[in-house]
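Written below as structure tokens is the structure these notes are about.
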Amino acid sequence: MGVGSESGHWVHVELPPAVRHAAALLDGVHAPMLVRGYLDVLGTAEPPKSPNLIQSLMLTRTISGVYERLWRPVLGQLLKGPFGPSEAGERELAAEYLELTGGEVVVDVACGPGNFTRTLATAVGDRGLAIGVDVSPSMLERAVWDTDEVNAAFLRADATELPLRPGTVDAVGCFLALHLMTDPFRAIERMTEALAPGGRIALFTTCARGDEDLRWVLAETRRRNGMHLFTREELTDWLEKLGYLDVHQEVHGFMQFIRARRPE
């Protein structure tokens with residue numbers, strides 16, 4: 001596998017077991033690059049153009065440096081309200097929603113600096129694999145730097161073109177990032193394709209509170225800043241349309257926590 005060196009030349013290295021396992025799950029990617037510890041299927045391709053300020057900030061080193069300690073806790077608590085779970089509680093809830101008992105392959109889509117990925121890696125244990133996926137090089141560099149779990153690997157890829165072989169993943173989650181994607185429903189479709197029969201999905205994202213008369217406000221919010229404020233039924237209905245079973249939703253403030261399961 002090619003690895004970029006400081007001199008700009010390509011060298012070949014022995015991959016860590018978790019990275020090698022993740023590379024084997026890639027669909028149609030014959031020679032992914034290993035860049036600063038993470039696999040990269042986008043190469044020199046520019047990240048998708050961001051329609052809003054928040055998405056643009058996520059690609060910067062400034063936000064990747066403060067995301068886990070400041071940005072994520074503050075934004076998350078504002079959305080959840082005073083009675084919503086803490087960020088640590090969210091990570092525990094993610095493992096619970098995904099029903100991780102050990103040995104599974106779990107994917108954390110839009111993983112940022114890997115805060116949820118590390119929790120999921122602990123939950124699946126030595127026999128399992130946790131893959132964090134993000135489009136931001138600076139976020140992934142931070143994730144690799146901060147992650148000691150040897151069963152975690154990171155991948156630079158677009159969530160709407162998730163490059164995983166169909167039916168190879170036991171569980172997949174996307175935590176406080178779906179509303180920032182240009183096509184969140186396409187991203188859910190790609191997550192679904194990667195799931196094996198009986199696989200579980202967990203989504204933590206925004207939730208509008210109010211009646212149907214607020215739909216014009218939601219549309220205007222989307223038009224102005226690109227952030228999707230989902231209605232209460234929008235995602236649960238979509239999951240049921242995709243064939244998911246046992247769709248469960250819990251709402252705190254302006255944030256919703258959803259879990260569901262693919263048929264066996």
Side-chain angles (χ1 to χ4, degrees), residues 25-28 41-42 47-48 50-52 54-55 58 76 79 90 93-100 104-112 116-117 120 130-136 155-208 215 218-219 221-222 226-251 254-264:
L25 299 179
L26 297 180
D27 186 25
V41 302
L42 298 179
S50 302
N52 63 74
I54 296 176
Q55 282 182 310
M58 289 298 178
L79 285 172
E90 282 184 54
L93 192 63
E96 177 187 328
Y97 270 19
L98 295 174
E99 301 177 26
L100 302 176
E104 299 94 345
V105 174
V106 59
V107 178
D108 178 12
V109 175
C111 66
F116 275 78
T117 314
L120 300 179
I131 304 173
V133 180
D134 207 284
V135 75
S136 168
L155 169 67
R156 181 173 178 247
D158 184 347
T160 61
E161 298 298 335
L162 198 62
L164 295 170
R165 289 192 283 112
T168 55
V169 172
D170 299 299
V172 61
C174 184
F175 310 109
L176 204 61
L178 193 67
H179 51 280
L180 297 176
M181 297 180 185
T182 53
D183 191 347
F185 300 100
R186 169 65 176 168
I188 294 173
E189 287 178 348
R190 293 298 289 163
M191 294 181 220
T192 301
E193 291 169 10
L195 280 175
R200 289 83 62 195
I201 190 170
L203 305 172
F204 299 175
T205 189
T206 58
C207 184
R215 283 192 177 275
L218 307 184
T221 299
R222 179 70 172 172
M227 189 174 79
H228 202 117
L229 190 58
F230 297 101
T231 65
R232 189 158 185 158
E233 298 81 19
E234 203 168 1
L235 293 175
T236 53
D237 287 352
W238 184 247
L239 291 174
E240 289 175 352
K241 182 179 179 180
L242 292 176
Y244 281 92
L245 305 175
D246 305 323
V247 179
H248 171 84
Q249 179 192 54
E250 184 176 336
V251 177
F254 290 92
M255 191 168 171
Q256 58 183 314
F257 301 80
I258 300 173
R259 69 169 183 256
R261 176 190 298 274
R262 289 203 73 188
E264 294 286 350

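Worth knowing before you read on, the calculation uses all heavy atoms, side chains too, and leaves out hydrogens, waters and symmetry mates.
Across Leu120 and Ala130, no two heavy atoms sit closer than the pair C-CB, 4.2 Å. Pairing each heavy atom of Pro197 with each of Glu264, the nearest pair is CB-C, 3.7 Å. Among all heavy-atom pairs drawn from Glu90 and Phe204, the shortest one is O-CE1, 3.5 Å. Here the closest heavy-atom approach between residue Leu178 and residue Ala187 is recorded as CD1-CB, 4.5 Å. Residue His228 comes nearest to Phe185 through the heavy atom pair CE1-CE1, 4.1 Å, listed as atom of the first residue, atom of the second, then distance. Taking each heavy atom of Leu98 and Arg200 in turn, the nearest pair found is O-NE, 2.9 Å.
Rounded to the nearest 0.5 Å, atoms CD1 (Ile131) and CG (Asp108) are 10.5 Å apart. Taken to the nearest 0.5 Å, the CZ atom of Arg261 stands 8.5 Å off from the CG atom of Leu245. Separating the CG atom in Leu93 from the CD atom in Glu250 is a distance of 6.5 Å, to the nearest 0.5 Å. Atom CG of Leu42 is separated from atom CG of Leu155 by 8.0 Å, given to the nearest 0.5 angstrom. Rounding to the nearest 0.5 Å gives a distance of 5.0 Å between OG1 of Thr206 and CG of Leu229. In this structure, the separation between OG1 on Thr205 and CD1 on Ile188 is 8.5 Å, given to the nearest 0.5 Å.
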I'd like a table of donor-acceptor pairs (distance under 3.5 Å, sequence neighbours excluded) in which one partner is a side-chain atom from residues 168-177, with atom names and distances.
{"unit_1": "Thr168", "atom_1": "OG1", "unit_2": "Arg165", "atom_2": "O", "d": "2.6"}
{"unit_1": "Asp170", "atom_1": "OD2", "unit_2": "Val105", "atom_2": "N", "d": "2.8"}

Which donor-acceptor pairs under 3.5 Å do side chains of residues 236-243 form with protein atoms, sequence neighbours excluded?
{"unit_1": "Thr236", "atom_1": "OG1", "unit_2": "Glu233", "atom_2": "O", "d": "3.1"}

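Among residue pairs with one or both ends in residues 187-198, those qualifying as salt bridge (Lys or Arg N to Asp or Glu O under 4.0 Å) are Arg186-Glu189, Arg190-Glu193; sequence neighbours excluded.
Residue Val107 forms a side chain to side chain contact (heavy atoms under 4.5 Å, CB included) with just one option from Ile201, Thr117, Val133, and that option is Val133.
Between the Arg262 side chain and the Thr192 main chain, a donor and an acceptor come within less than 3.5 Å of each other.
At a threshold of 4.5 Å between non-hydrogen side-chain atoms, the residues Gln256 and Glu234 do not count as touching. The shortest distance between side-chain heavy atoms of Phe230 and His179 falls below 4.5 Å.
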key: Steps toward side chain to side chain donor-acceptor pair (under 3.5 Å) verdict (Ser136, Asp134)   = CA-CA 6 Å; Ser136 168; Asp134 207 284; 4.6 Å; no
